[in-house]
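Throughout, a chain's letter reflects where its sequence line sits, starting with A, and its residues are numbered from 1.
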Amino acid sequence: MEKYDFLFIQKKWQKYWEEHNFYRAEDFSDKPKYYILVMFPYPSGSGLHVGHCRNYIPADVIARYKRMKGFNVLHPIGYDAFGLPAENYAIQKGIPPKIVTQNNIKTFRRQLRMLGLSYDWSREINTSDPEYYKWTEWFFELLYKRGLAHENVSSEWWCPHCKTILANEQVIDGKCWRCGTPVVKKELKEWFFKITSYADKLLDDLNNIDWPERIKSMQRNWIGKSKGAEVNFVAVDPSGNEHNVPVFTTRVDTIFGVTFLVLAPEHPLVKKVTTRENIEKVEKYLEDAQRKREIDRLSTEKEKTGIFTGSYAINPLNGEKVPIYIGDYVVYSYGTGAVMGVPAHDLRDFVFAKKHSIPIKQVISPAGKETELNEAYTEDGILVNSGKFSGLKSAEAREKIVSYMEEKGIGNSIVRYHIRDWIISRQRYWGAPIPIVHCPVHGAVPVPEEDLPVLLPDEVDFTPRDSGESPLANDPDFVNTTCPVCGKPSERETDTQDGFACSSWYFLRYADPHNDKEPFSRDKVNYWLPVDLYIGGAEHAVMHLLYSRFYTHVLYDAGLIGFKEPFKKLLNQGMILGPDHQKMSKSKGNVINPDDVIKKYGTDTLRAYVLFIGPFDTDAAWSTEGINGVHRFINRFWNLFANLADSNKVLSFDSEKEISVVTDKWIRKITKQMESFKFNTMLSSFMEWLNYLVKISNENKDIIYTKAFRNSVETFVQMIAPAVPHVSEELWHMLGHSESVHLSKWPEPKGIHKEDKTDIIIEVNGKLRDKVKVAKGLSEEEVKEIAFASSKVEKFVEGKDIGRIIFVKDKLLNIVLKR
RNA sequence: GCCGAAGUGGCGGAACUGGCAGACGCGGCGGACUCAAAAUCCGCAGGGGUUCAGAGCCCCGUGAGGGUUCGAUUCCCUCCUUCGGCACCA
């Protein structure tokens, strides 16, 4: 018998598939389309790791399965090649990023091919290729033309290690998302994309996509919509001048309960309203607040400190005079930087009021009358002490009060968002240039479309700078140009685009990757998109996944595509942890390299193990013993099935029907598991199926020569082919087929009926007491008779009164005793 | 604090719509093969009790407590723990 030579087999079939152009996606075929996409890799120097496998292998299984089911499958791959690590590595080694990236891509390509992934390689893309980034630039201009890109001088987060400005989404816990260095504020001129004008659309359409709730809730959170009102309080400064102080509130129904006002320390009014006798204390407080912020911005200590300014403000609704405080629990960048204090109905205000002995005035009550308050009552209720609004319910009061304020010109309804515009400028070399020319006369002018792409110069010192200036600024050949409008000497924009700009549209390019006239043909994109299934890590929840949705919405509004949401269904794969249950990292020395695993066990074992390791969307630890078990499984079916290879003996036994029944059962079960992405239990099913086949062939050596057994084996091989494509292809041919198993049709159950017996569970008081094998379809009376004949049942029933009988046909009989 | 996910043997994890808890795999134990070991193959195995022993039989058991139900890992309530996210958001 032939030995299972996995390295030979995988090499042989990978070559065969490539030579015969398997897996090419056909534009506009008659078959139904299925677009399955994995988040494309960043080609780092360390190559592919097992984490990639957790995503790419299951995706490939689905792609192969869908092909067998008759779909026209698009399963593409490419490289998210612009970005800091390649550049940093390049700086370290003195090699241009372009070369570094090319080398890394070569490694990735080799490793991806080794995994036997069924990509359509003819559609491979690379975001750092001018043929690609030409269109990244083109989209920048599209956004610019649609009024969605603007330039602003502002103070934003800067990573001192990466030496670039970051978008808000890319600052995590006050640290750079890439390198973990604490960020600082830096004032620079930046380009912004107006994602804020899509906040509502991005929020609303979350309801129309099949994504994990976790990701949706993170996006909702990030967009952070809150409806409320802006109320104009009037502050009176020490010289008697009046100043307007708008405050933002979501609980305008509590407005009659305002007993103080708090300004953020940075609020410009602070200096104006502070009275002479308070000025010293206030200045000290501001200084302390400043220092505190720098020292521990992340402190969980939430003491409500504050200080009185000495001045008062008028509540425009009831004319009451309330003291103005300064407090650092008020954030200047959110809302108006000023808050009305309603201690009776807000937890923080309550604490603040207690601390500063400010009166607490109840205006909301659950029952509609004043009650004793020991803590803030933050629920909705019925208004009390609220003038003509008393007696209204909170929700109604909010509407009435807002209309009243609008009428009087003292306030209005307003919607606030947490999300801010997306800063696109990066002060780094290795990215897509921003296609803008700064003309002394015409200002920022987009580069004419026919002149795109603005090429990234090769010969340049790409070391990043602390100055906030891009390395490109030091290349006169790049910088100096003429204005596209007037021809006057002008300077190019030297910042490059955030790498996320490149990845915000790559899934569209796969539909038409070689188009040099436009980013994609509308027809092709409308044929292939939206993506039916997108698989990738959850870490991109509010970065890539939000930006891509934004681009897609913009393209829809621009009439370039016929759909608003890019990814119909999203799945997040779990992480693969080291054998020590820790995140894999070089420093911990617990990194598993796929190359080594393949050398030892072959690609099919790696694939099967990654599928078997645990539920697809949860983290799982790598186990050397675990992979051994899976390898053993593959060897076991190889050994059994290979027996049939050269034989054309055909025998016939009575037990054949049972084999067909079992085969049918597994077809149904495995298909279901495949459809619901339960790869771990799918592998278990194959193991059980094999255990059955082994068992019956141990009982009777000749059973393997029956038609039913051979059919079961062939069905097994076909169905496991998406998971372990090489060994199944080899066995399929050994079993006498000349066409690829991957071109065969996914097996359907033949509808062979199970034996007409079934196990019925007999319970007494809901406890299992006996199990009987009976003919199917027996009536309650018949089963009852059998049940009461059982000695096991009798023991529990004897001498007791029978209450009722629960009967589930062909399944269970429960005898309930009277108490 | 808020939002989300999850708690099942020694371990990873199964269980359809409320109906046999622990599939499958790992590790463990016993046996076969072998001079021996490895590999391979066959078998056992939730915990406890009863029993000389085995079969058998009984009790307990899905984070804790309560509820609904003939019957709950599954549904409801309260709580605890772990992980992930957001966080003075007014």
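- Backbone-only contact: A/Gly629 has heavy atoms under 4.0 Å from sugar-phosphate atoms and none from a base.
- Take the nearest nucleotide of RNA chain B for A/Asp619 and for A/Glu213: the residue whose nucleotide is more 5' is A/Glu213.
- Of the candidate nucleotides B/C88, B/C26, B/G84, B/C88 has the atom nearest to the side chain of A/Tyr329.
- When the P atom is compared between B/C29 and B/A38, the two are found 11 Å apart, to the nearest whole Å.
- When both pairing distances are held under 3.5 Å, B/C57 makes a Watson-Crick or G-U pair with B/G49.
- The aromatic rings of A/Phe352 and A/His356 sit tilted relative to each other, their planes meeting at an angle between 30° and 60°.
- Between B/U17 and B/U74, the distance separating the two C1' atoms is 10 Å to the nearest Å.
- The gap from the C1' atom of B/A14 to that of B/C20 amounts to 14 Å, rounded to the nearest Å.
- Under the 6.0 Å distance and 45° angle rule, A/Lys185 counts as a cation-pi partner of A/Trp157.
- When each of B/G13, B/C70, B/C42 is scored by its nearest atom to the side-chain atoms of A/Asn680, the top-ranked nucleotide is B/G13.
- Under the Watson-Crick and G-U wobble criteria, each requiring two contacts below 3.5 Å, nucleotide B/G1 is paired to B/C86.
- Spacing between B/G61 and B/A72 at atom C1', rounded to whole Å, works out to 14 Å.
- Classification of A/Arg348 and A/Asp346 as a salt-bridged pair holds, one side-chain N sitting under 4.0 Å from a carboxylate O.
- For A/Val694, whose side chain is taken as the heavy atoms from C-beta onward, the closest listed nucleotide among B/C42, B/C24, B/C16 is B/C42.
- B/A32 is paired with B/U40 under the Watson-Crick or G-U wobble criterion, all donor-acceptor distances under 3.5 Å.
- Glycosidic torsion of B/G9 falls within 90° of 0, placing the base in syn.
- The partner of B/A72, taking Watson-Crick or G-U wobble pairs whose two distances both stay under 3.5 Å, does not exist in any strand shown.
- Residue A/Val330 is in base contact, counting any heavy-atom pair closer than 4.0 Å across all strands shown.
- Closest to the A/Val816 side chain, of the nucleotides B/A90, B/A23, B/C70, is B/C70.
- Rounded to a whole angstrom, the distance from the C1' atom of B/G12 to that of B/G28 is 15 Å.
- For A/Phe796, the side-chain atoms get nearest to B/C58 when compared with the rest of B/A90, B/C26, B/C58.
- In this structure, the separation between OG on A/Ser684 and CZ on A/Phe633 is 9.5 Å, given to the nearest 0.5 Å.
- Rounded to the nearest Å, the gap between the P atom of B/G30 and that of B/G54 is 16 Å.
- Note on A/Leu683: nothing from the nucleic acid sits closer than 4.0 angstrom, heavy atoms only.
- Within 4.0 Å (heavy atoms only), A/Asp349 reaches no atom of the nucleic acid at all.
- Pairing partner, B/U17: none, since no Watson-Crick or wobble contact has both distances short of 3.5 Å.
- Within 4.0 Å of A/Asn814, counting heavy atoms only, lies at least one base atom of the nucleic acid.
- When each of B/G4, B/C58, B/C24 is scored by its nearest atom to the side-chain atoms of A/Arg769, the top-ranked nucleotide is B/C58.
- Among the heavy atoms of the strands, none lies under 4.0 Å from A/Asn628.
- When heavy atoms are screened at a 4.0 angstrom cut-off, A/Lys216 is found touching no nucleic acid atom at all.
- With distances taken from any side-chain atom of A/Phe612 to the nucleotides B/G19, B/A90, B/G25, the minimum falls on B/G25.
- A donor and an acceptor atom never sit less than 3.5 Å apart when one is taken from the side chain of A/Glu625 and the other from the base of B/G25.
- As judged by a 4.0 angstrom heavy-atom cut-off over every strand, A/Pro615 is placed among residues touching the sugar-phosphate backbone only.
- Nucleotides B/U62 and B/A21 have their P atoms positioned 12 Å apart, rounded to a whole Å.
- With a 6.0 Å cutoff to the six-membered ring centre and a 45° limit on the axis angle, A/Arg416 counts as a cation-pi contact of A/Phe248.
- With B/C41, B/C24, B/G85 as the choices, the nucleotide that has an atom nearest any side-chain atom of A/Asn221 turns out to be B/G85.
- On the C1' atoms, B/G13 is 13 Å away from B/G7, given to the nearest whole Å.
- Using a 4.0 Å cut-off between charged nitrogen and carboxylate oxygen, A/Lys771 and A/Asp759 do not count as a salt-bridge pair.
- If you check every strand for non-hydrogen atoms under 4.0 Å, A/Ser623 touches nothing.
- Each of A/Thr249 and A/Arg804 was assigned the nucleotide of RNA chain B with the nearest heavy atom; the assignment lying further toward the 5' end belongs to A/Arg804.
- Of the candidate nucleotides B/C60, B/C89, B/G25, B/C89 has the atom nearest to the side chain of A/Tyr334.
- When both pairing distances are held under 3.5 Å, B/U81 makes a Watson-Crick or G-U pair with B/A6.
- Here A/Glu320 pairs with A/Lys361 in a salt bridge; the nearest charged N to carboxylate O distance falls below 4.0 Å.
- Nearest to the side-chain atoms of A/Arg632 among the listed nucleotides B/A90, B/G27, B/C89 stands B/G27.
- Between A/Trp666 and A/Phe686 there is no side-chain heavy-atom pair separated by less than 4.5 Å.
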